Amino acid sequence: MSEDGGQEFRVVLDGVDLTLGGRRVFRGLSCGFPRGQISVVLGGSGAGKSTVLRLIAGLQRPDGGSVRIAGQDITRISERALFVVRNQIGMLFQGGALLDSMTIFDNVSLPLREHSDLSEEAIARQVGQRLEAVGLPGTGDLYPRQLSGGMVRRAGLARAIVTDPEIVLCDEPFSGLDPVNVRRIEALMVELNRRLGITLIVTSHHLASSLRMAGRLTFLVDGRAIAGPPAEVLASADSRVVEFLEAERDGPVATGAAESAADPGAAA
Amino acid sequence: MRAPAIERLGLRTTGLVQHLGGIAVFVGKIFLSAVKPPFRFRRLVSEIFDTGVLSLAIICLSGATVGAVLGLQGYTTLSRFGAEGSLGAVVGLSLIRELGPVLTALLVTGRAGSAIAAEIASMVTTEQLDGLRMMSIDPMEFVVSPKALAMVLVMPLLSALFFVCAVFGGYVVGVRLLGVDGGTYLTSLEQSVEFVDDVAGSLVKAVTFGALVGVIATYRGYTSEPTSAGVSAATTGTVVVSSVAILLSDYVITALWGV
């Protein structure tokens, strides 16, 4: 599985089995993420969205199956070899995962200091640009504890993209952000993808922004994936997908209203 | 009923062996990152500050207090035999051989060892170590190794400081308050404390305790469950296991060193 309708997959999960804490998360999960596109991974909570990203990042090894990045199976290589693979991957964690003993500037500049020979000025310039792109100019001297959760997450995104990686994994980039910042981060992701051709794999609950930017949707249900272009997945007749989309569209209030409207009828 | 009991015993045993193997690999990795580049001097210096400099107050205060108590107790006992002149020897020997390194190690475990375990465990919980891995930075070399090495380097220094403060505390009580001659106190201390037997033995103990606490604290933090209960288990486990390890190894070193 490396081609799909002429599209080339950058990342492929093939027959992945995974049991975590006695719970079977994936059984034969197979899905691909095309090069140079934004793929959004959807699914209810506990469906394993974050785990998909951890598998791609090599932070979680599957019980069976393979995870291939640019053709290389990363499930059977050493931690050292993984470090080489990860040089081309940036990852935004749900909680930001910034080192709280360091300032925002030191956090964002860390990958550059570790893996490039850039001068101090070049590093400062690049870090400044990235912080501005995520809407956090002038926060370099602050510590993560001095920022809100949403701001820490945006600084985490700045760190994930500071080295211009080929693949960026984003775990719930929109949760806890105000609408202005949802738009800002969404626009930034689209720009990264268009301008630099970065392959983005994003997990989200946020259906509206997912649909606006996704080139491909991957729906996780019962440990398997239903994937394809958004239009195709949305038109899916699978009852579980329909249920998820309906619930999203109506929202909890509308669903509640529908239930109470149905109640008198049931009583009668 | 018999089969499950044997099974449980087997599981326990393999679990224990796995644990010991894990610690051995862990220690090997710490050692490797200490001798092979990249050397993280700035991280090491900042860990030495956290472990050493921030422990100065508690070490000095405890040292002086323990010395004062020894002076008081020693004087009371020695004066029964009219041997107050040996107060310096009693204070010095009991401190340098046992109390200095052991009490220092127990105090540092409580103050810095628990802090190291809690810090690393909360880094596990908040995915900070995974964040480092994603930047192709080995957390063993970036976080764990500097903390463990700082502990090894700092322990003998703190132990020596504890000794000095305790000798001073004993001097204040014995000489200033109880009237032992100052020159006699210091001379008896100087004449009774031997370099190889006492000073070197004391340093060996301190370095060993430092290594034990450093490894136990970082290992418990690094292998903790990513929950708040995991953080507290790592902290408690560090203090309990380190304290027992310090006391056991103290006996072993004392027996081997032939003191």
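Nothing here was measured: the structure is a model prediction, and the numbers come from that model. Each chain gets a letter, A, B and so on, in the order its sequence line appears, and its residues count up from 1.
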Can you confirm whether A:Gln72 is buried at CD, in the sense that more than 12 heavy atoms of other residues, nucleotides or ligands lie under 6.0 Å from that atom? yes
Please state whether the side chain, the backbone, both or neither of A:Leu99 comes within less than 4.5 Å of a heavy atom of chain B. both
Looking only at A:Ala57, A:Gly90, A:Ala97, A:Ala160, most heavy-atom pairs under 4.5 Å shared with chain B are made by A:Ala97
Could you check whether atom CG of A:Asp117 has more than 12 heavy atoms from other residues, nucleotides or ligands sitting under 6.0 Å from it? no
Just wondering, are more than 12 heavy atoms of other shown residues or ligands nearer than 6.0 Å to CZ in A:Phe83? yes
Selection from A:Leu82, A:Asp100, A:Ile89 maximising heavy-atom pairs under 4.5 Å formed with chain B: A:Asp100
Residues of residues 100-135 of chain B with a heavy atom under 4.5 Å from any heavy atom of chain A, in residue-number order, are B:Met123, B:Thr126, B:Glu127, B:Gln128, B:Asp130, B:Gly131, B:Leu132, B:Arg133, B:Met134, B:Met135
Neighbour count >12 (heavy atoms, 6.0 Å) for atom CZ, B:Phe39: yes
Winner by heavy-atom pair count (cut-off under 4.5 Å) against chain B, out of A:Arg54, A:His115, A:Met91: A:His115
Flag yes if more than 12 heavy atoms outside A:Glu79 fall under 6.0 Å of its CD atom; otherwise flag no. yes
Any chance you could measure A:Glu114, atom CD, to B:Asp138, atom CG, to the nearest 0.5 Å? 10.5 Å
Measure distances from A:Leu92 to the heavy atoms of chain B and classify the residue's part below 4.5 Å as side chain, backbone, both or neither. neither
